[in-house]
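Every chain is numbered from 1 and lettered A, B, ... according to where its sequence line falls, protein lines coming before strand lines.
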2 protein chains.
Amino acid sequence: MNTKPVVLLIEDEQQIRRFLRASLPDENYALIEAGSGLEALSKFDGNEVDLVLVDLGLPDIDGLEVISQLRKKSRVPIIVLSARGQEQTKIEALDRGADDYITKPFTIGELLARLRAALRRAGRASEPAEVHTFTLGDISVDLEGRLVRKKGEDVHLTPIEFGLLSSLLKRAGKVVTHNQLLKEVWGDEYMGETHYVRVYMAQLRAKLEDNPARPRFIMTEPGVGYRLKLQ
Amino acid sequence: MNTKPVVLLIEDEQQIRRFLRASLPDENYALIEAGSGLEALSKFDGNEVDLVLVDLGLPDIDGLEVISQLRKKSRVPIIVLSARGQEQTKIEALDRGADDYITKPFTIGELLARLRAALRRAGRASEPAEVHTFTLGDISVDLEGRLVRKKGEDVHLTPIEFGLLSSLLKRAGKVVTHNQLLKEVWGDEYMGETHYVRVYMAQLRAKLEDNPARPRFIMTEPGVGYRLKLQ
DNA sequence: GGATTTGATCAAAAAATGATCAAGATGACC
DNA sequence: GGTCATCTTGATCATTTTTTGATCAAATCC
């Protein structure tokens with residue numbers, strides 16, 4: 001990516017294609033265009049694409065399906081172009097692995113900001129993480145060594161329990177939704193199985209909290225997910 | 001926009017045109033006039049317009065239609081000039097993407113305040129990429145982490161309360177109609193259930209305002225909706 | 001100025017979501 | 001093939017959130 005970043009645009013509306021064709025090259029991006037999902041998948045394979053821009057309303061296969069297909073083979077940043085009011089589809093796109101979305105109509109400035117942010121994230125993502133140990137009150141967690149202690153004593157966690165704890169830790173302080181947890185710990189195909197998360201959160205609390213019924217660390221956000229509270 | 005902001009006025013009443021022609025240039029705005037909707041659309045394409053002022057009662061195509069057409073290609077700030085009693089039309093204009101409205105007759109001071117507010121919002125909106133945190137007086141909101149604090153203390157919001165707050169926040173400073181809120185937070189099929197919005201705005205105010213009876217942030221726009229006031 | 005609409009607030013009822021327990025299923029390992 | 005820890009699943013009860021209706025206040029309309 002020393003040269004211009006290559007953007008694959010998947011869009012059937014001519015108006016938007018003309019708009020980007022006119023503006024992106026000036027901003028130092030190379031543009032590849034695809035008018036349909038199938039064309040996009042084949043062009044993706046044939047080029048070194050750095051970022052994908054995909055419209056959700058495509059003629060042949062669904063834009064959502066394109067995202068799923070791309071995610072099967074690549075971690076390329078994907079930004080969704082959505083029309084106003086497509087809230088549900090937009091969320092589904094993010095669940096399938098899109099990185100960001102932008103609502104039409106948009107200005108070139110906005111788009112450029114998103115492109116920069118996504119490329120920056122992608123660049124960073126390849127670097128190894130730095131911090132491996134965390135402390136929460138009397139609990140300490142070593143992510144790399146998979147070691148958890150409470151009041152100095154080793155606590156044994158099962159793989160799923162440990163997975164949940166690390167997902168929460170990686171976003172400590174922020175809410176992590178049920179589906180994010182399911183995706184990261186169980187895999188994409190488990191999304192919707194909220195009950196699993198509950199059962200294991202109860203187990204985690206039983207092992208880590210002094211009083212599981214009044215948790216100090218693992219907080220539930222009803223209707224949304226869980227949050228690891230920083231003390 | 002380093003030079004004067006360019007305002008496109010779409011208005012058939014000579015009186016108002018004369019009034020603005022006389023006052024806006026003194027206030028450091030450049031004025032382009034259009035007497036009909038079609039004329040406006042063509043002048044918009046031919047100029048670098050920074051803001052649109054549109055009257056709803058036009059001779060040829062409807063002012064509402066002009067708004068829809070403009071929104072298809074641009075996010076330029078649009079302020080509606082509405083006559084007293086055109087409540088329904090005014091709301092429809094906001095639903096179609098207008099940013100604000102001002103009721104005739106108005107003073108030049110009122111109009112200038114709206115112009116400044118709209119242009120300020122537009123300037124901010126161009127780089128919303130990774131701004132997930134906002135500050136309103138002693139309240140801070142992290143949209144990504146779903147974290148709300150007031151005077152440093154965590155405030156717990158339910159999913160609907162949080163949804164309402166983010167809808168307001170995303171359009172901070174501009175009116176959001178009841179139906180826009182219902183659509184975004186509850187879904188299309190809830191449009192018309194204004195009572196829901198009221199109940200939850202009361203709850204939000206109870207949680208966020210020092211004195212819910214005299215709100216500083218969550219302002220009511222009677223007959224229209226709500227507006228998050230920037231301090 | 002009285003009637004009607006619109007908005008705020010409260011609280012009860014209904015619905016959705018979450019916690020917990022425990023029985024069975026699974027699968028790795030000896 | 002049996003044992004063990006772990007995971008899946010179902011049932012039940014608790015909690016939180018949402019919906020709904022009632023009531024009062026304020027603004028707006030004849």
Going from NZ on A:K72 to CG on A:L41, what distance comes out if it is rounded to the nearest 0.5 angstrom?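 Result: 10.0 Å between the selected atoms.
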How are the rings of B:H178 and B:Y226 set to each other: parallel, tilted or perpendicular (split at 30° and 60°)?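 Perpendicular.
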In whole angstrom, give the distance that lies between atom [atom1] of [X] and atom [atom2] of [N].
{"X": "B:E87", "N": "C:dT6", "atom1": "CD", "atom2": "P", "answer": "9 Å"}
{"X": "B:M201", "N": "C:dT6", "atom1": "CE", "atom2": "P", "answer": "18 Å"}
{"X": "A:N211", "N": "C:dA19", "atom1": "CG", "atom2": "P", "answer": "14 Å"}
{"X": "A:I218", "N": "C:dA19", "atom1": "CD1", "atom2": "C1'", "answer": "13 Å"}
{"X": "B:E161", "N": "D:dT19", "atom1": "CD", "atom2": "P", "answer": "12 Å"}
{"X": "B:R214", "N": "C:dT9", "atom1": "CZ", "atom2": "P", "answer": "12 Å"}
{"X": "B:L204", "N": "C:dC10", "atom1": "CG", "atom2": "C1'", "answer": "17 Å"}

Check step by step if side chain to side chain contact (heavy atoms under 4.5 Å, CB included) holds for B:R120 and B:L230. CA-CA 11 Å; B:R120 179 152 37 90; B:L230 297 166; 4.1 Å; yes
Sub-4.0 Å heavy-atom contacts from residues 164-195 of chain A onto DNA chain C, ordered by number: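 Residues of residues 164-195 of chain A that come under 4.0 Å of DNA chain C are, in numerical order, A:H178, A:H195.
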Distances for protein N/O vs nucleotides 15-17 of chain D N/O pairs under 3.5 angstrom?
unit_1: D:dT17; atom_1: OP1; unit_2: B:H156; atom_2: NE2; d: 2.7

Just checking B:F162: base, sugar-phosphate only, or nothing, at a heavy-atom cut-off of under 4.0 Å?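 Since no nucleic acid heavy atom lies under 4.0 Å of B:F162, the category is nothing.
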For residues A:T220 and A:R205, report the shortest heavy-atom separation together with the two atoms involved.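 Here A:T220 and A:R205 meet closest at CG2-NH2, 2.6 Å.
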Return the minimal non-hydrogen interatomic distance between B:L115 and B:Y29, and the atom names on each side.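 Closest approach of B:L115 to B:Y29: CB-OH, 3.6 Å.
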Is B:Y226 near enough to C:dA8 that one of its side-chain N or O atoms lies under 4.0 angstrom from OP1 or OP2?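 Answer yes for this pair, as a side-chain N or O of B:Y226 is under 4.0 Å from OP1 or OP2.
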Which residues pass the ring-ring contact (aromatic ring centres under 6.0 Å, His included) test with A:Y200, not counting sequence neighbours?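 Counting only residues at least two positions away or on another chain, A:Y200 forms a ring-ring contact (aromatic ring centres under 6.0 Å, His included) with A:W186.
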Answer yes or no on whether B:K229 is positioned over the face of B:F217, meaning its NZ or CZ is under 6.0 Å from the six-membered ring centre and within 45° of the axis.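 Relative to the ring axis of B:F217, which defines the angle, B:K229 lies outside at least one limit.
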For B:R227, is there any backbone N or O sitting under 3.5 Å from a side-chain donor or acceptor partner on B:E221?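 No, because the side chain of B:E221 does not come within donor-acceptor range (under 3.5 Å) of the backbone of B:R227.
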Go through the steps to decide whether A:T133 and A:D142 satisfy the test side chain to side chain donor-acceptor pair (under 3.5 Å), and finish with yes or no. CA-CA 4 Å; A:T133 57; A:D142 175 355; over 6 Å; no
